[in-house]
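A short worksheet on the structure shown next.
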Protein chains: 2
Amino acid sequence: MAGPRTTVRNLNRTREKILAAALAEFSARGFAGARVDAIARRARVNKRMLYYCFGAKQDLYREILRRKIAERAEFIESTPDDFAGALAHIYLAGGTDIDFVRLMEWEAIDSGGRKCIAEAERRALFEKAVDRLRVLQREGSIPRGVNLTQLFISMLSLALFPLVMPQVIRLIHGMEPTDPRFMRQRANFLRWLGDRLGKTPETVPIRSRRRRNPTTPSHTAVRRGRSFKRPGQLA
Amino acid sequence: MAGPRTTVRNLNRTREKILAAALAEFSARGFAGARVDAIARRARVNKRMLYYCFGAKQDLYREILRRKIAERAEFIESTPDDFAGALAHIYLAGGTDIDFVRLMEWEAIDSGGRKCIAEAERRALFEKAVDRLRVLQREGSIPRGVNLTQLFISMLSLALFPLVMPQVIRLIHGMEPTDPRFMRQRANFLRWLGDRLGKTPETVPIRSRRRRNPTTPSHTAVRRGRSFKRPGQLA
DNA sequence: TATACTATTAACTGATCAGTTAATTAAGCC
DNA sequence: GGCTTAATTAACTGATCAGTTAATAGTATA
């Protein structure tokens with residue numbers, strides 16, 4: 001036959017199936033709510049295999065978290081160099097990975113007495129991000145004197161909140177937070193907001209004089225079907 | 001004896017004890033994670049009384065949510081009239097009520113197939129808030145053209161995120177999000193941010209010229225032990 | 001003080017769930 | 001083809017949990 005022979009028994013394949021199913025289950029229901037039987041069913045694998053491959057529910061969960069966090073770390077590297085672009089990037093990068101956001105959310109609300117998983121990696125992630133902000137500040141893209149820690153917390157807030165509280169978006173906005181129209185509108189709003197925060201006061205009116213109404217942001221036009229700015233275009 | 005006679009039997013008292021215990025338990029563990037036995041133990045009441053008074057776990061939960069949301073609605077009324085002040089107010093008002101934030105968070109992450117509880121009340125809450133923003137915009141405190149829905153989502157994001165993801169604050173900042181020092185610093189930062197967003201570009205440099213470094217916000221001094229501005233001082 | 005009703009209790013039940021036992025089947029190797 | 005080891009399975013177990021049963025103790029009232 002063409003292609004590699006599909007062996008009836010294949011532990012690696014089984015492991016991968018379990019990991020995929022576990023990510024979905026833990027993301028949907030959290031550690032306490034996730035059912036080992038449900039993971040096994042999703043993976044089309046006998047429940048015993050979870051214990052054979054990963055030991056216990058806890059160990060499987062830890063593995064899922066560790067992988068997700070490592071995967072996320074790569075995104076930090078590709079952050080644009082301007083502040084407004086970086087804000088939109090965090091939003092769009094985080095906004096595509098609902099499993100990541102939900103896992104973090106479950107960790108936040110229901111740590112269940114577990115000690116923080118991959119704490120060192122997370123801290124490194126944050127410190128790297130704040131360091132980047134420090135560079136932007138030195139280059140003048142962020143006003144001097146701004147507390148960068150608070151600023152970073154704010155960037156995360158603005159970027160993650162829609163996925164963290166989707167029902168708020170539904171209620172206020174009538175759309176799913178993953179709806180492309182909502183995401184474009186939000187990304188444009190964040191670019192406008194970042195632009196306004198990033199510019200030093202002197203430069204704001206100068207740049208804006210090109211328009212008749214200097215304070216009209218572009219994101220309001222999105223719902224009417226106009227084109228929006230792509231990532232990087234503003235950078 | 002002085003004071004009201006403590007009757008051995010008092011259904012109202014029992015109800016109140018159950019409600020208080022249930023709020024604590026549901027806030028801490030969510031609907032699925034909350035244990036009926038734990039609520040009874042906390043309330044120092046026989047488990048059977050929960051069913052006697054409220055029917056089922058679901059009904060008790062609904063009652064808790066309904067009460068909390070009604071209680072929150074009152075806070076909207078006392079929102080300051082300027083944008084920066086309103087932003088800080090949402091933060092400080094939400095920041096004092098961790099049970100409210102956690103209940104909303106549990107609802108968001110684990111609705112468990114339940115239909116949205118008190119949806120009409122919540123929507124009314126949001127619409128009232130956006131209406132207030134519209135007034136501020138007409139009065140010039142918010143730039144024309146800004147999408148008020150996105151702006152309101154952003155205000156909620158900035159205000160609620162620290163309590164929603166306390167471990168992020170711990171990791172980035174090394175403090176609990178409820179630590180008074182953190183809260184003051186954040187409130188000052190939000191006032192600076194709101195000020196900067198709210199002002200039209202033309203007015204920003206004029207107002208700022210009073211300082212030598214017009215873009216230095218006050219909140220950065222907090223951690224170094226200097227005095228900080230009290231709520232309202234910057235408004 | 002007998003009666004009727006309300007509030008409270010301990011003990012039970014059936015379902016669900018993480019984890020285990022022990023048997024079975026396929027693959028690798030001589 | 002027989003032997004060994006690795007992968008897979010069904011059935012079981014003990015703990016936990018929401019909800020129930022049925023009996024009991026306090027309170028009001030006639």
Side-chain angles (χ1 to χ4, degrees), chain A residues 1 4-65 106 110-114 117, chain B residues 1 4-65 106 110-114 117:
Chain A
M1 276 211 214
R5 187 164 60 103
T6 11
T7 50
V8 177
R9 297 188 161 197
N10 185 335
L11 197 56
N12 277 338
R13 193 189 209 73
T14 301
R15 283 179 68 96
E16 291 306 317
K17 284 199 290 180
I18 292 172
L19 284 170
L23 175 61
E25 178 78 4
F26 284 130
S27 160
R29 305 184 206 282
F31 176 76
R35 296 294 160 237
V36 171
D37 294 85
I39 295 174
R41 209 180 320 119
R42 268 193 217 245
R44 292 165 188 278
V45 141
N46 188 284
K47 176 167 65 153
R48 184 65 180 81
M49 294 309 289
L50 303 200
Y51 296 94
Y52 187 70
C53 293
F54 297 98
K57 191 186 180 188
Q58 278 276 358
D59 302 317
L60 177 56
Y61 180 71
R62 242 195 295 277
E63 183 63 23
I64 294 290
L65 257 186
W106 280 114
D110 182 31
S111 72
R114 273 171 276 114
I117 290 166
Chain B
M1 275 214 209
R5 186 164 61 103
T6 12
T7 50
V8 177
R9 298 189 158 195
N10 185 335
L11 197 54
N12 277 338
R13 194 191 208 72
T14 301
R15 284 179 68 96
E16 290 306 316
K17 285 198 291 181
I18 292 172
L19 284 169
L23 175 61
E25 179 77 4
F26 285 130
S27 160
R29 306 183 206 282
F31 177 76
R35 297 293 159 237
V36 171
D37 294 85
I39 295 174
R41 211 181 318 119
R42 268 192 217 244
R44 293 167 188 277
V45 142
N46 188 285
K47 177 168 62 153
R48 184 65 180 79
M49 294 309 290
L50 304 201
Y51 296 93
Y52 188 70
C53 293
F54 296 97
K57 191 187 180 187
Q58 278 276 358
D59 302 317
L60 177 56
Y61 180 71
R62 242 195 295 275
E63 182 63 23
I64 294 290
L65 259 186
W106 280 115
D110 183 31
S111 71
R114 273 169 277 114
I117 290 166

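To find a chain, count down the sequence lines: A is the first, B the second, and so on, and within it residues start at 1. This is a predicted model, so every value here is computed, not measured.
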Exercise. Who pairs with A:Phe54 by ring-ring contact (aromatic ring centres under 6.0 Å, His included), at least two apart in sequence or on another chain?
Worked result: none

For this session: Would you mind building the protein contact string for nucleotides 7-19 of chain C? One character per nucleotide, 5' to 3', B for base within reach (heavy atoms under 4.0 Å), S for sugar-phosphate only, - for untouched.
Result: BBBB------SBB

For this session: Let me know the distance between CZ of B:Arg13 and C1' of D:dG26, rounded to the nearest Å.
Result: 16 Å

Exercise. To the nearest angstrom, how far is A:Ile18 atom CD1 from D:dT8 atom C1'?
Worked result: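 Interatomic distance, CD1 of A:Ile18 to C1' of D:dT8: 11 Å.
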
Exercise. Considering residues at least two apart in sequence or located in another chain, which fulfil the side chain to side chain contact (heavy atoms under 4.5 Å, CB included) criterion with B:Lys17?
Worked result: B:Ala43, B:Val45

For this session: Hey, could you give me each pair passing side chain to side chain donor-acceptor pair (under 3.5 Å) that has a residue in residues 18-36 of chain A? Not counting sequence neighbours.
Result: A:Glu25-A:Arg29, A:Glu25-A:Arg42, A:Ser27-A:Asp99

For this session: Not counting sequence neighbours, list each pair that qualifies as a salt bridge (Lys or Arg N to Asp or Glu O under 4.0 Å) and has a residue in residues 46-57 of chain B.
Result: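 Qualifying pairs, neighbours excluded: B:Asp37-B:Lys47.
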
Exercise. Can you name the residues that form a salt bridge (Lys or Arg N to Asp or Glu O under 4.0 Å) with A:Arg15, not counting sequence neighbours?
Worked result: none

